[in-house]
Every structure is written in structure tokens, then in C-alpha cells.
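For reference, the structure is listed below as C-alpha cells.
Atoms within a ligand are numbered from 1 in the order they appear, just like the ligands themselves. Quick note: numbers below take in every heavy atom, side chains included, and nothing from hydrogens, waters or symmetry partners.
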Amino acid sequence: MKRIKIKELLQSKEFNKEFVIEGWVRTRRGNKNVNFIAINDGSTINNMQVVVDVPVFGEESLKNITTGACVKVKGLLVNSQGQGQTVEIHAKEILVYGTADTETFPLQKKGHTLEFLRTIAHLRPRTNTFGAILRIRHNMAFAIHKYFNDKGFCYVHTPIITGSDCEGAGQMFRVSTLDFNNLPKTEDGKIDFSQDFFGKETNLTVSGQLEGELAAMALSEIYTFGPTFRAENSNTPRHLAEFWMIEPEMAFYDLEDNMNLAQDFVQYLVKYALENCKDDLEFLNNMYDKELISRLEFVVNNDFKRLTYTEAVDILVKSGEKFEYPVSWGTDLQSEHERYLVEKHFNKPVILIDYPKEIKAFYMKQNPDGKTVRAMDVLFPKIGEIIGGSQREEDFNKLNDRIKELNIPTKDMWWYIDTRKFGAAPHSGFGLGFERLILFVTGMANIRDVIPFPRTPKNAEF
Ligand code: ATP
Ligand code: MN
């Protein structure tokens, strides 16, 4: 008999019919006459209660059914008289696939801290919390593809190994097959990368944007969704060395269109979570963050506040708030500043635009004032920056001048500059950090808790 998933069986009204479920034991409790086994198979946060007539099975044959063991149960579906569930299974046959020793199984008891669970990343998907987070992650990934597909955007795969280091020199992870113990050298004593696998220096990508722009110059509306890597040594609750990013890039969009898309996109995703991940969100709301669901609803139902960087700095300077990092026109905003604007001043998500060109990337469209660029950052409660984007500079001369001003070597990105020579189009795009989105949707406080195997400085165990 084929198994039925617990999520489906919990909805069933086919009483007194036989079903097979398979899953992991969360708890077994009871007495000499009757046992109750809670089984979870990951299809939902809810467990199926299995009722066992102990004398029929014999106590000895039940001794391996302990927390963490994997079992197959065949039994009758009945209307439950107990509290907490509407249906239950009355067991006829139980098969233990895999035991879990009560002395050594780390999840024997409930109530472990999230910090402890990080040290057992190989087992934490078995907890209610991580089951919920992984299901929400899946739902968000699916909703991202659905959103763009419904809008006619084309999913483009950009390379993970890149030969251009224009965006984050120094913050990149080197990709090489050279023998580190015997590095080939050039005549002037430098490492000879011409002997490396690709015949040049290569790194893991920090963003798919530049390649995304190339595709947008043909397909007009595209998005990427892939892993990105940053070797920045920042041990914060919001940074990973390996994270996933969604980067839409659109021809014929100005900054206004870009902001509209960003707001609509994030609101769609949050609404999707509210509609499709209800049980998991309710669990997280009750366990970790009593304001989670109301915060999600608020974001879906309210426009994001839009203002310029200059206006924002003005508000921060006049706020009288004591910030750890002082703020003045020209400084990059820190998370504390972003959160002040979002959580204290406006009490809603904020989109800041027109940043000083010195603190933003070379490719952003220059404003006529000569000082600012058409950048936009979307700032969220509890997170700070969730999206960074801009209208791109499509003018060949302006882009070239900026590249020269910043001394960016052009030998590795002539192909990018080419797009400004052949059929250049006004265009815009942004990057949404997938894990920052998941942080917001789940209400978790640390980004290490929303990705199965976090990569952070000094941490790549699992
Ligand atoms: P931050 O200032 O927070 O370090 P950033 O400005 O360097 O971010 P961008 O280059 O604009 O980031 O990348 C786009 C988006 O990717 C960010 O808005 C954020 O959501 C996400 N992101 C950036 N760096 C990381 C990281 N190290 N870990 C997880 N997400 C990140
Ligand atoms: Mn940014």
C-alpha cells in the first residue's frame, strides 16, 4: 500500500479506511494499555497522532519507537476524541525503519536554543522551527518564479564563476586549480594566472547583474535567481558569505518603474506566504515573534514611503538620536540609521533614492546635479536593506568617464561597455537578498537560521 502524506491525511474524512503513513517520531507517551505516537513527515508542521493498543503489540515490540526514530504505520483513520487533532490513526502494523538512540540523539528533548541547533545543522530540519522555515523558503522560491513568469519575465542563468572583478574586488572568493604549494610565477615574480584553469584570474560571482543587463538588452525583461558569494568578513546577523539573490533587470524601466516593481514584487511574495504558509507562520508567530503576522499584513497593505537620501539624512541629523555611527551627507547609511527611519520615523517600509555617487556603484545613472545617482534601496523593519537597485547609466560617454574616474580596469568588462555602444536602452534593475526576504517573512533574527547550511567566516562544517 502506498503511503499518504500527513498533510493530506489530516484533511481526510475517509474514516475507518486503512492508510499507510511514514515519518519520524516526535514523541511517544501513554501507559500500559494505550500509547500515543506523534509522527511528522515534513509535509506539514502538524503531526499525525497514532494510537497504539499496547497489549496487542506487546510493550517489547514498541521499545524502539522513540523520539527521532523513523517508522511506517498502517492503520485505520478515525475521528479523534482527544484534544489537539481531529483525526488519528489506530495502528494495525508498525515497522521501524531506523532507530534513534535515546542517549545520543541530540533532539531527544524539546526547547533547544537556535544557537545550539546551528551546531547540529545536519539534524535541525527535524525540528518544527526548521521544518517551517524550509517550507516557507520553498514557497518563496516557487512564488518568485511564478511572479516573474506570470509577468512575462525570462529566467536567465548567469555564471557562478566570473572573470570580471569590477564589482567587489577584494571581497571575492578565488577560483583556481593552481597548486598552492607550487605556484607558477611570471618573470617579475607575480603569480602566473595564464597557467590557471581558465588562463586568467577567476572568482565566484558577487552578483549576476552585469550579465543580467546583457540579457535584458535582448529579452527586455529578465531575472536571475542564483547563489552569490561575498568574502566580506562581516559577522552580522544579516550577512552570509554564500547567499541567494534575485535580480530582475528591465529594459525601458526608469527608477520610478523600478520602485513600483520592487514594491509590488515584495508585497506579492509576502501575501503569497500569508495565503500559502499559514500553519507555519502561525507556529513561528506563537513561538518567536507575536507581531510577525501583523507585520506581514501591514507590509502587504501599505505603500512604501519614498524619499531621497538627502531628505533621509536631514531627518536623521535632526532626530536627536544618539547613533553609534554619526551621520552626515555623504556617509553610507548604517543599519541603525535605516532602522530608525523604518521603525521609528515612518513606521513602514521605506525606499530611499538618489544616493551620493561616491557611495554607489559605477554603473548607476548619474543625476543632472552631478552629485547623486539614481539608486534605490528598499529598507524593511528589523532587517534594514532588503533590496538594492538603480536605474543604470546607458550613456556610453558618461559610463566611460565614471569608469576612468574610479580607475576601474576595463580589460575584463569590455563586453559590458559594449552594450552602451550597440542599441543602448534606458534600463533598471535591483537585487533582492533571498535570505533577507526569508528573515523578514519568518521573523527570525539571525540569517544563519534561514538557510540550511550557512556559510559565514570560519564556518563551513556542514
Ligand atoms: P549591505 O549594505 O546590507 O551589506 P549591500 O549593499 O552590500 O548590502 P547589494 O550589493 O546591494 O548589498 O546586494 C543586493 C541585496 O543582496 C541586498 O539588498 C541584500 O538584500 C542582499 N545581500 C547583500 N549582501 C548580503 C550578504 N552578505 N548576505 C546576505 N544577503 C546579502
Ligand atoms: Mn545595497
Side-chain angles (χ1 to χ4, degrees), residues 137 140 144 158 162 165-173 204-210 212-213 223-249 255 258-259 262-263 265-266 269 304 309 312 325 327 331-339 341-342 349-364 373-392 428-442 444-457 459:
R137 229 186 120 96
M140 289 295 88
I144 285 161
T158 51
T162 169
D165 67 350
C166 51
E167 262 223 88
Q171 294 191 56
M172 301 181 95
F173 289 99
L204 293 178
T205 185
V206 295
S207 156
Q209 179 200 319
L210 301 188
E213 282 188 50
Y223 69 107
T224 72
F225 185 178
T228 48
F229 307 86
R230 297 192 184 177
E232 53 197 344
N233 209 344
S234 42
N235 246 314
T236 81
R238 291 176 315 282
H239 288 90
L240 291 164
E242 174 181 296
F243 64 99
W244 290 67
M245 188 145 59
I246 302 99
E247 296 181 277
E249 191 70 39
L255 191 67
N258 206 20
M259 284 192 278
Q263 180 181 322
F265 177 46
V266 182
L269 296 176
F304 302 177
Y309 166 91
Y325 296 89
V327 59
T331 53
D332 208 353
L333 298 186
Q334 302 293 323
S335 177
E336 54 172 342
H337 307 130
E338 297 173 342
R339 293 184 61 176
L341 293 168
V342 173
V350 167
I351 310 183
L352 290 189
I353 61 164
D354 293 348
Y355 280 73
K357 65 177 180 192
E358 280 74 23
I359 58 173
K360 288 293 180 187
F362 72 94
Y363 50 71
M364 297 192 180
V373 288
R374 304 244 78 191
M376 64 171 215
D377 277 9
V378 180
L379 313 178
F380 258 42
K382 290 187 73 184
I383 312 284
E385 180 185 333
I386 193 165
I387 283 178
S390 69
Q391 185 167 344
R392 319 304 189 191
S428 301
F430 60 80
L432 166 69
F434 187 54
E435 284 74 21
R436 299 242 178 124
L437 171 78
I438 306 300
L439 267 182
F440 180 72
V441 172
T442 59
M444 289 286 112
N446 195 310
I447 201 161
R448 292 163 181 78
D449 297 332
V450 297
I451 187 166
F453 301 103
R455 297 285 174 260
T456 51
N459 177 32

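- Proximity to R238 (heavy-atom distance under 4.0 Å) selects the following atoms of ligand 1: 28 (N), 29 (C).
- Near I447, meaning under 4.0 Å from any of its heavy atoms, are these atoms of ligand 1: 29 (C).
- Contact annotation: the side chain of F173 never approaches that of E242 to less than 4.5 Å [non-hydrogen atoms, C-beta and beyond].
- Note that CE of M364 and CD of Q391 are 11.5 Å apart. Values are rounded to the nearest 0.5 Å.
- Residue contacts with ligand 1, taken as heavy atom pairs separated by less than 4.0 Å, do not involve V206 at all.
- Look at R137 and E435 and you find a salt bridge, because one of the NZ, NE, NH1 or NH2 atoms lies within 4.0 Å of a carboxylate O, short of that distance.
- Taking the side chain as every heavy atom from C-beta outward, S335 and R238 approach each other to under 4.5 Å.
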- Let me see the working for H239 and R436 under side chain to side chain contact (heavy atoms under 4.5 Å, CB included), right down to the final yes or no. CA-CA 9 Å; H239 288 90; R436 299 242 178 124; 3.4 Å; yes
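- Of all the heavy atoms of R230, the ones lying under 4.0 Å from any atom of ligand 1 belong exclusively to the side chain.
- In F453, the CZ atom is crowded: over 12 heavy atoms of neighbouring residues, nucleotides or ligands sit closer than 6.0 Å.
- Between M245 and ligand 1, no N or O atom pair is found at a separation short of 3.5 Å.
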- Begin with the C-alpha distance, continue with both residues' side-chain angles, and end with the deciding distance and a verdict on side chain to side chain contact (heavy atoms under 4.5 Å, CB included) for I359 and Y309. CA-CA 11 Å; I359 58 173; Y309 166 91; 4.2 Å; yes
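- Of the candidates F243, F430, F229, F243 brings a heavy atom nearest to atom 29 (C) of ligand 1.
- Put simply, NZ on K360 and CG on D332 are 6.0 Å apart, with the number rounded to the nearest 0.5 Å.
- Within the listing of ligand 1, atoms 15 (C), 16 (O), 20 (O), 21 (C) sit less than 4.0 angstrom from a heavy atom of G433.
- Residue contacts with ligand 1 for I387 involve N, CA, C or O but no side-chain atom from C-beta outward (heavy atoms, distance under 4.0 Å).
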- Query: Would Y363 and Q209 satisfy side chain to side chain donor-acceptor pair (under 3.5 Å), going step by step from the backbone distance to the final call?
  - Reply: CA-CA 10 Å; Y363 50 71; Q209 179 200 319; 3.0 Å; yes
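- Remark: among candidates E232, R436, E385, the nearest residue to atom 3 (O) of ligand 1 is R436, based on non-hydrogen atoms.
- Proximity annotation for atom 15 (C) of ligand 1: of S234, S207, G389, G431, G431 comes nearest, heavy atoms only.
- Considering backbone and side-chain N/O of L432, none are found under 3.5 Å from N/O of ligand 1.
- For E435, no heavy-atom contact with ligand 1 is shorter than 4.0 Å.
- Distances from the Mn ion (ligand 2) to each N, O or S atom of E385 single out OE2 as the nearest.
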